[in-house]
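All remarks here apply to the structure that follows.
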Amino acid sequence: MKIDILTLFPEMFEALNVSLLGKAQEKGKLEINIVNFRDFSKNKHKKVDDYAFSGGAGMVLTPQPIYDALQSVITKNSYVVYMSPKGTPLTQKKVVDIAKSIEHLVIICGHYEGIDERIIKLCVNEQISVGDFVLTGGEIPAMALVDAVSRYLEGVLHNSESVVDESFSDGLLEYPQYTRPQEFMGLKVPEVLISGNHKEIEKWKKEQKLIETKKYRPDLIKDNINE
């Protein structure tokens, strides 16, 4: 997958060059290109924002620099996403759909009071939100989207089965995880996990997934029932 990210703060995306995503780029499994749309401003001072016609506090990003930046990267296979609190919630299903069906993902990171609505109407395929809260810009949500989607691309994770049995893969949270030592601060690893009985271990995992979900995200149980 190729991912182009339009932002005013390219330096924030250095985090995408480390760990598994950095290795995936080195191996050619993933291509991430950061575009500073300030470079496309036709203003002699490279200004990219202006006052809102509706009044109120804050500035709005003007359409021209973003539009021209988009035109420099989009192709017929591009899917343009704007990270916005107004967008559809980012879910595991949405992540998988993007990973499996999109060849070229273009992400716009807003700032200040957002971007001119005409960019959304002219260029954006979908608005996506990472939660019911507001951040100073779209960079952190964009990184969350890239990280989540990249995990489903072939060759990014060392073990492709890692995404099969994790939280939300089947609508439930993941079971608790343990490693050595078998006892820590008086707390022991459940006996079943060191029993060698694979059938009982699988049963334990299924039971624990339901217990964890009821405890931390009971809303997911309701959603599964409604479906």
Side-chain angles (χ1 to χ4, degrees), residues 1-10 12-13 15-16 21 24-25 28-42 48-50 52-54 58-154 156 163 168-169 223:
M1 176 182 283
K2 180 182 180 182
I3 301 176
D4 282 293
I5 304 173
L6 277 59
T7 176
L8 288 176
F9 302 97
M12 292 186 68
F13 292 94
L16 298 180
L21 296 192
Q25 292 178 75
K29 301 295 183 179
L30 175 66
E31 180 183 348
I32 300 176
N33 180 41
I34 309 300
V35 180
N36 188 339
F37 57 82
R38 189 183 298 278
D39 295 338
F40 291 82
S41 174
K42 294 180 179 179
V48 295
D49 61 345
D50 211 331
F53 279 120
S54 57
M59 307 292 278
V60 177
L61 291 170
T62 56
Q64 177 271 314
I66 299 175
Y67 183 83
D68 286 354
L70 283 171
Q71 297 310 304
S72 75
V73 299
I74 59 175
T75 68
K76 63 179 181 179
N77 295 322
S78 301
Y79 191 77
V80 181
V81 167
Y82 173 47
M83 307 308 299
S84 167
K86 294 181 181 179
T88 55
L90 182 61
T91 63
Q92 198 75 355
K93 182 180 183 304
K94 173 65 67 177
V95 165
V96 175
D97 287 345
I98 291 175
K100 301 301 183 184
S101 62
I102 304 302
E103 296 179 15
H104 181 207
L105 179 63
V106 181
I107 306 173
I108 304 173
C109 302
H111 227 73
Y112 314 123
E113 292 301 307
I115 66 177
D116 190 292
E117 183 70 19
R118 288 166 291 188
I119 289 295
I120 297 173
K121 291 182 177 179
L122 289 170
C123 307
V124 173
N125 296 108
E126 183 175 11
Q127 298 186 67
I128 292 180
S129 168
V130 294
D132 295 339
F133 51 88
V134 179
L135 299 171
T136 56
E139 285 76 18
I140 291 175
M143 283 188 274
L145 176 61
V146 171
D147 189 282
V149 168
S150 297
R151 297 178 71 254
Y152 282 87
L153 302 180
E154 184 179 353
V156 172
V163 299
F168 309 112
S169 59
D223 290 343

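All residue numbers in this chain count up from 1 along the given sequence.
Phe13 has its side chain out of reach of Ile32: every pair of non-hydrogen atoms, C-beta onward, lies at least 4.5 Å apart. The shortest side-chain heavy-atom distance between Val81 and Asn125 does not fall under the 4.5 Å cut-off. Annotation: side chain of Asn36 is not in contact with side chain of Thr7 (no heavy-atom distance under 4.5 Å). The closest side-chain heavy-atom distance from Leu16 to Ile5 is below 4.5 Å. Residues Pro63 and Ile66 fail the side-chain proximity criterion, which asks for heavy atoms closer than 4.5 Å. Considering only heavy atoms from C-beta on, Phe168 stays 4.5 Å or farther from Thr91 through its side chain. Side-chain contact check for Gln127 versus Thr88: every heavy-atom pair is 4.5 Å or farther apart. When side chains are defined from C-beta on, Met83 counts as touching Ile128, because their heavy atoms get closer than 4.5 Å.
The line from CD1 of Ile34 to CE of Met12 is 11.0 Å long, rounded to the nearest 0.5 Å. Note that CG of Leu30 is 12.0 Å distant from NZ of Lys2, once rounded to the nearest 0.5 Å. Distance check: Glu139 CD to Ile107 CD1 gives 11.0 Å after rounding to the nearest 0.5 Å. Leu70 contributes atom CG, which lies 9.0 Å from atom OG of Ser78 (distance to the nearest 0.5 angstrom). Separation of atoms CG (Leu90) and CG (Leu145) is listed at 5.5 Å; rounding is to 0.5 Å. Note that CG of Leu6 and CZ of Phe40 are 7.5 Å apart. Values are rounded to the nearest 0.5 Å.
Heavy-atom minimum distance, Ala148 versus Val95: O-CG1, 3.3 Å. Closest approach of Ser129 to Ser84, counting heavy atoms only: CB-O, 3.1 Å. Closest approach of Gly137 to His111, counting heavy atoms only: CA-ND1, 3.3 Å. Smallest separation of non-hydrogen atoms from Cys109 and Gly138: SG-O, 3.6 Å. The minimum heavy-atom distance between Asp49 and Thr62, with the atom names listed, is C-CG2, 3.9 Å.
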- [ ] Determine, step by step, whether Met1 and Leu105 satisfy the side chain to side chain contact (heavy atoms under 4.5 Å, CB included) criterion, reporting the C-alpha distance in whole Å, the side-chain angles of both residues, the deciding distance to 0.1 Å, and the verdict.
- [x] CA-CA 8 Å; Met1 176 182 283; Leu105 179 63; 4.3 Å; yes
Task: Stepwise side chain to side chain contact (heavy atoms under 4.5 Å, CB included) test for Ile3 and Asn33 - done: CA-CA 6 Å; Ile3 301 176; Asn33 180 41; over 6 Å; no
- [ ] Go through Phe37 and Leu61 one step at a time and tell me if the side chain to side chain contact (heavy atoms under 4.5 Å, CB included) criterion holds.
- [x] CA-CA 10 Å; Phe37 57 82; Leu61 291 170; 3.9 Å; yes
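In this structure Asp39 satisfies the side chain to side chain donor-acceptor pair (under 3.5 Å) test with no other residue, sequence neighbours excluded. Remark: Ser41 pairs with no residue by the side chain to side chain donor-acceptor pair (under 3.5 Å) rule, at least two apart or across chains. Residues meeting the side chain to side chain contact (heavy atoms under 4.5 Å, CB included) test with Asp132, sequence neighbours left out: none. Applying the side chain to side chain donor-acceptor pair (under 3.5 Å) criterion to Asp147, with sequence neighbours excluded, gives no partner residue. The side chain to side chain donor-acceptor pair (under 3.5 Å) test applied to Lys29 returns no partner, not counting sequence neighbours. When the side chain to side chain contact (heavy atoms under 4.5 Å, CB included) test is applied to Ala99, the partners found at least two apart in sequence or on another chain are Val149, Tyr152, Leu153. The side chain to side chain contact (heavy atoms under 4.5 Å, CB included) search around Ala52 returns Ser54, Val60, not counting sequence neighbours.
The main-chain N or O of Gln25 is never found under 3.5 Å from a side-chain atom of Glu31 such that the two would form a donor-acceptor pair.
Counting non-hydrogen atoms of neighbouring residues, nucleotides and ligands closer than 6.0 angstrom, the CD atom of Glu154 reaches no more than 12 such neighbours.
Screening residues 113-145 for ring pair (Phe, Tyr, Trp, His ring centres under 6.0 Å), with sequence neighbours left out, gives no hits. Applying the salt bridge (Lys or Arg N to Asp or Glu O under 4.0 Å) rule to pairs touching residues 69-80 yields nothing, sequence neighbours excluded. Among residues at least two apart or in separate chains, salt bridge (Lys or Arg N to Asp or Glu O under 4.0 Å) pairs with a member in residues 84-96 are Lys93-Asp97, Lys94-Glu126. Residue pairs meeting the ring pair (Phe, Tyr, Trp, His ring centres under 6.0 Å) criterion with at least one partner in residues 74-108, sequence neighbours excluded, are absent.
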For residues 113-124, which side-chain N or O atoms pair as donor and acceptor with protein atoms under 3.5 Å away, sequence neighbours left out?
from   : atom 1 : to     : atom 2 : distance (Å)
Asp116 : OD1    : Arg118 : N      : 2.9
Asp116 : OD1    : Arg118 : NE     : 2.8
Asp116 : OD2    : Arg118 : NH2    : 2.7

